[in-house]
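Everything below concerns the one structure shown next.
Residue numbers count from 1 along this sequence.
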Amino acid sequence: MIINNEREQKISLNFSERVNTSHELRQNLTLSHLTIEHVDIDLNTSVQKINQILELDHVSPEDPWILKEYLSNKLQSQGIIGYPYSKLVGDFRDYWFLDTKK
């Protein structure tokens, strides 16, 4: 997760955490049987933005959480147990640095 401005030092992920989080998001996308195009329509964004989130490339701190919540809901509605997350855990509303209105 790349985080800009003064919050960067406090909440950014190291290289291996970024690789793991990217892998976890991709695994859950695969399990959901959804395409990136389907996700971009549902989230009212673009294929490019979804790919950036999947790579954790210049995204806001909220973006991976939004995708995680979206995929978790889709998997749950299909009765599929998702791939576990190592860093995107708990309730996103409990993290002070996330804009929960986004």
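With no hydrogens or angles considered, no side-chain donor-acceptor pair links Ser46 and Gln48 at under 3.5 Å.
The side-chain heavy atoms of Leu67 and Asn28, taken from C-beta on, include no pair separated by under 4.5 Å. Side-chain contact between Leu75 and Ile81 is absent, with no heavy atoms from C-beta onward closer than 4.5 Å.
Residue-environment remark: CD (Gln76) stays at or below the threshold of 12 foreign heavy atoms within 6.0 Å. For Asn44, the CG atom sits in a loose shell: 12 or fewer heavy atoms of surrounding residues, nucleotides or ligands are nearer than 6.0 Å.
Annotation for Gln78 and Leu31: closest pair OE1-O, 4.5 Å, computed over non-hydrogen atoms. Shortest non-hydrogen contact noted between Leu29 and Leu54 is CD2-CD1, 4.0 Å. Of all heavy-atom pairs between Ser32 and Leu71, the closest is OG-CD2, 4.1 Å. Residues Asn20 and Ser86 approach most closely at CB-OG, 4.1 Å, considering heavy atoms.
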*Could you walk me through whether Glu55 and Arg26 pass the salt bridge (charged side-chain N to carboxylate O under 4.0 Å, His left out) test, one step at a time?*
CA-CA 9 Å; Glu55 291 299 321; Arg26 287 185 180 284; 2.5 Å; yes
*Given side chain to side chain contact (heavy atoms under 4.5 Å, CB included), test Glu24 with Leu88 step by step and report yes or no.*
CA-CA 9 Å; Glu24 294 156 4; Leu88 300 178; 5.7 Å; no
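Leu56 and Val47 fall within the same hydrophobic cluster, defined by Ile, Leu, Val, Met, Phe, Trp and Tyr side-chain heavy atoms under 4.5 Å apart, directly or through other members. Both Tyr85 and Leu34 belong to a single network of hydrophobic side chains, linked directly or stepwise wherever heavy atoms of I, L, V, M, F, W or Y lie under 4.5 Å apart.
With rounding to the nearest 0.5 Å, the separation of CG in Asp42 from OH in Tyr70 is 3.5 Å. The distance from the CG atom of Asp57 to the OG atom of Ser22 is 10.0 Å, given to the nearest 0.5 Å. For the atom pair NZ of Lys87 and OG of Ser16, the computed distance is 8.5 Å after rounding to the nearest 0.5 Å. Once rounded to the nearest 0.5 Å, the distance linking OG of Ser60 with NZ of Lys49 reads 5.5 Å.
A side-chain contact (heavy atoms from CB on, under 4.5 Å) with Ile50 holds for exactly one of Asp63, Thr45, Leu25; it is Thr45.
Formation of a donor-acceptor pair under 3.5 Å by the Ser77 side chain with backbone atoms of Lys74 is found in this model.
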